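Here's the structure, in structure tokens; my notes come after.
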Amino acid sequence: MSERTAPGLLAAGAGDATPPEGEWRRLDRRTVLARCLVMLGVAGSAGLPALLGLLGGRPFWQALAWVLAGAAVLVGSVTAADGIRVHRTGYRLGPERVELRSGLLLVKRRSLPRERIRSVDLTANVLLRLLGLVQVRIGTGEQTGSGESTLLLDAVSRAEAERLRGELLARPAAGAPRADGDGTIASLDPAWIAYAPVSFVAPLLGGAAAGAVMQVSEWFGAQAEVIEWIGDRFAETPLVWAILVMAGTALVAGAVGALGLWVEMWWNYRLEREHGGTLRIRRGLLTSRSTSIEERRLRGIDLVEPLGVRLFGAARLDAVATGLVKETENEHTDRKTLLPVAPRAVVDRVAAQVLREPAAPTDPSLLTGHPRAARGRRVRWALATALAPAAVLAVLGALLTPMLLWIALACAAVAVPVAVALALDAYRNLGHGISGAYLLTRSGTVRRSTVALQRTGVIGWTVRRSLFQRRAGLLTLTATTAAGAGAYHVHDADACEALAFAADAVPGLLEPFLERGHP
């Protein structure tokens with residue numbers, strides 16, 4: 001990359017006229033205002049408790065002066081630093097590379113080849129949306145620990161962001177998929193929000209809410225009073241009922257939180273196929289998000305059915321694609337999700353349209369079940385997992401107090417039936433098969449996953465057999481691919497059936513090893 005310094009930088013946002021190719025552009029100046037407003041909020045939230053603390057030994061006017069002076073220094077210094085950052089940051093789109101330059105004393109220059117760019121994702125929180133700004137993340141989809149595979153423009157105007165996205169994702173017309181099917185594939189149905197409370201997020205948020213109450217009460221020195229108040233409410237209530245009521249309250253709070261989280265993440269959801277073969281997912285209430293997936297990078301789909309939503313006949317649809325790297329600073333963002341939890345019929349329809357197939361390849365009737373030996377393995381593991389804590393408590397009860405023996409008996413009575421039921425469900429969910437251009441594999445119980453992977457996307461097979469699997473005539477077959485999770489498993493399949501399945505799914509890949517007598 002050339003180290004020439006451009007004669008000047010144009011300010012993006014001043015009309016957003018399309019610049020000549022290769023000309024340097026600056027971030028939008030309104031970014032400084034956004035940072036200033038954020039710091040005013042931070043200063044205000046930190047200033048109130050600081051003011052209350054200073055009032056103990058100083059007059060009000062003196063305490064207020066100290067707080068205002070500190071807030072002015074904080075807001076002014078951070079805003080000035082951000083102004084320098086915006087002034088010294090420039091980007092340009094050349095014919096072959098996208099370049100980013102930043103830094104005051106130590107100038108840092110980075111670039112990405114345009115032919116390797118796989119994603120241009122747009123994100124805007126509520127403040128950026130009010131100011132008409134968008135964060136643009138340009139990525140090649142490669143996994144690097146230093147983040148050198150992405151360029152972040154924080155932030156530019158929405159018009160400039162759309163221009164960048166259109167130019168960087170544009171491909172030659174000769175390589176573009178056919179135009180039929182362009183347009184909206186799926187859009188938000190408000191009825192889908194009903195699935196939010198039955199997700200695993202609800203109990204987690206309920207526990208987090210209970211923990212937050214105790215933590216906040218500790219900050220204000222009132223934790224003992226909170227515990228005493230709760231104890232008074234249940235003073236005449238049996239312990240079991242008290243536990244059930246508190247757990248139910250936490251679940252209700254978690255359900256409310258799950259509803260709010262779902263609305264924030266998926267409101268205004270729309271899945272579209274754009275001309276040229278790009279799938280675009282737009283969503284978000286307060287923070288808007290736009291994710292693009294080129295169809296040529298799509299290697300299949302993953303139909304995910306967590307236990308709660310599966311009981312209500314619903315599922316989620318994820319993409320199995322190359323280049324969908326999860327950014328460490330945005331781990332909460334699920335960039336591979338094509339469709340939130342929705343009725344199974346809707347998911348199947350969307351899956352078929354995304355893959356341009358007449359029907360979804362994830363039909364359960366296409367799957368081959370696994371032998372009974374696989375069921376035995378799961379039941380034994382479930383019993384061992386359920387009985388191990390009870391055995392520890394029983395040993396401690398024999399040594400310390402008989403009360404632990406009763407607790408061990410209660411744990412075993414509850415855990416064993418649940419564990420066995422989950423093990424049998426896990427066995428019923430095992431399956432593999434071939435559907436046209438896709439190989440299928442299904443597994444899981446708490447989180448059942450059905451993957452349809454392009455057979456041409458498989459670059460290798462891994463065969464694993466433990467001692468117990470060999471004795472039972474089973475093996476675990478793993479399809480290796482450059483997309484998605486990188487490896488998709490066929491667990492505990494019959495050895496002969498699994499090898500024949502691998503040979504049929506990707507002819508010529510496994511046969512050389514079979515001819516040499518390897519399993």
Side-chain angles (χ1 to χ4, degrees), residues 298-307 310 315-322 324 336-339 344 347-348 350-352 354-355 357 359-375 377-378 381 422-466 469 472-507 509-510 513-514 519:
L298 196 64
R299 297 294 179 268
I301 51 98
D302 185 3
L303 193 148
V304 182
E305 301 169 279
L307 181 59
R310 176 156 57 99
R316 186 184 81 234
L317 189 67
D318 290 351
V320 178
T322 60
L324 289 181
K336 66 180 180 297
T337 300
L338 296 172
L339 182 71
R344 179 63 188 266
V347 176
D348 288 338
V350 173
V354 165
L355 298 177
E357 295 287 336
T362 51
D363 188 344
S365 63
L366 300 174
L367 298 172
T368 300
H370 291 196
R372 291 187 177 182
R375 180 181 64 183
R377 280 173 54 82
R378 273 147 187 78
W381 276 107
L422 291 176
L424 294 177
D425 182 64
Y427 167 70
R428 287 191 296 268
N429 293 335
L430 290 176
H432 64 276
I434 297 175
S435 175
Y438 298 89
L439 64 86
L440 310 178
T441 176
R442 187 178 72 180
S443 63
T445 177
V446 176
R447 180 189 181 276
R448 189 169 75 178
S449 172
T450 306
V451 176
L453 179 65
Q454 282 182 358
R455 295 158 64 181
T456 55
V458 178
I459 59 177
W461 290 105
T462 300
V463 179
R464 188 178 70 252
R465 302 185 74 183
S466 68
Q469 283 180 311
L474 306 174
L475 59 79
T476 295
L477 186 68
T478 301
T480 304
T481 179
Y488 294 94
H489 309 282
V490 179
H491 295 283
D492 287 337
D494 178 83
C496 296
E497 287 185 0
L499 295 177
F501 162 73
D504 292 340
V506 189
L509 187 59
L510 193 62
F513 300 96
L514 296 178

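Each residue takes its place number in the sequence, starting with 1. Quick caveat: nothing in here was measured; it's all calculated off a predicted structure.
Between Ala502 and Leu477, the closest heavy-atom pair is CB-CD2, 3.7 Å. Nearest approach of Ala483 to Val320, heavy atoms of both residues: CB-CG1, 4.0 Å. Gly431 and Leu367 make their closest contact through C-CD2, 4.1 Å (heavy atoms, listed as atom of the first residue, atom of the second, distance). For the pair Tyr488 and Thr441, the tightest heavy-atom approach, listed with the atom from each and the gap, is CB-CG2, 4.3 Å. Ala374 and Leu474 get closest at one heavy-atom pair: N-CD1, 3.8 Å. Scanning all heavy atoms of the two residues, the minimum distance from Ala319 to Leu298 falls at CB-CD1, 3.8 Å.
Side chain of Thr450 to main chain of Arg442: no donor-acceptor pair is present (N/O by atom type, distance under 3.5 Å, no hydrogens or angles). Counting only distance, with no hydrogens or angles, the side chain of Arg455 and the backbone of Ala505 share a donor-acceptor pair below 3.5 Å. For Asn429 (side chain) and Gly444 (main-chain N/O), a donor-acceptor pair under 3.5 Å exists by modelled atom type. Panel note: side chain Ser435, backbone Tyr438; no donor-acceptor pair is recorded below 3.5 Å. Tyr427 places a side-chain N or O within 3.5 Å of a backbone atom of His370 that can act as its donor or acceptor partner. Side-chain atoms of Thr481 come within 3.5 Å of backbone atoms of Gly457 as a donor-acceptor pair (strictly under, hydrogens ignored). The backbone N or O of Leu307 lies less than 3.5 Å from no partner atom in the side chain of Arg448, so there is not a single donor-acceptor pair.
Residues Asp302 and Lys336 form no side-chain contact, since every pair of their non-hydrogen atoms from C-beta on lies 4.5 Å or further apart. Counting heavy atoms from C-beta on, the side chains of Leu338 and Val350 never come closer than 4.5 Å. Annotation: side chain of Leu366 is not in contact with side chain of Pro361 (no heavy-atom distance under 4.5 Å). For the pair Arg447/Val304, a side-chain contact is recorded, criterion being any heavy-atom separation below 4.5 Å from C-beta on. Asp348 is listed as a side-chain neighbour of Leu303, based on a closest heavy-atom distance under 4.5 Å.
How far CZ of Arg299 is from CG of Leu453: 9.5 Å, rounded to the nearest 0.5 Å. Atoms CG and OG1, from Leu475 and Thr462 in turn, are 11.5 Å apart once rounded to the nearest 0.5 Å. For the atom pair CG (Leu440) and CZ (Phe501), the distance works out to 7.0 Å, reported to the nearest 0.5 Å. Within the model, atoms OG1 of Thr480 and NE2 of His489 stand 8.5 Å from one another, a figure rounded to the nearest 0.5 Å. For the atom pair CG (Leu317) and CD1 (Ile301), the distance works out to 5.0 Å, reported to the nearest 0.5 Å.
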- Could you check Arg378 against Asp492 for salt bridge (charged side-chain N to carboxylate O under 4.0 Å, His left out), going step by step and ending with a plain yes or no? CA-CA 10 Å; Arg378 273 147 187 78; Asp492 287 337; 2.5 Å; yes

- Leu424 and Arg375: CA distance, side-chain angles, deciding distance, side-chain contact (heavy atoms from CB on, under 4.5 Å) verdict: CA-CA 7 Å; Leu424 294 177; Arg375 180 181 64 183; 3.8 Å; yes

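At a cut-off of 3.5 Å, with distance as the only test, no side-chain donor of Thr368 or His432 sits close to an acceptor on the other residue.
For the salt bridge (charged side-chain N to carboxylate O under 4.0 Å, His left out) with Glu305, the lone residue among Arg310, Arg344, Arg316 that qualifies is Arg344. Between Leu439 and the choices Val458, Asp504, Val490, the side chain to side chain contact (heavy atoms under 4.5 Å, CB included) rule is met once, by Val458.
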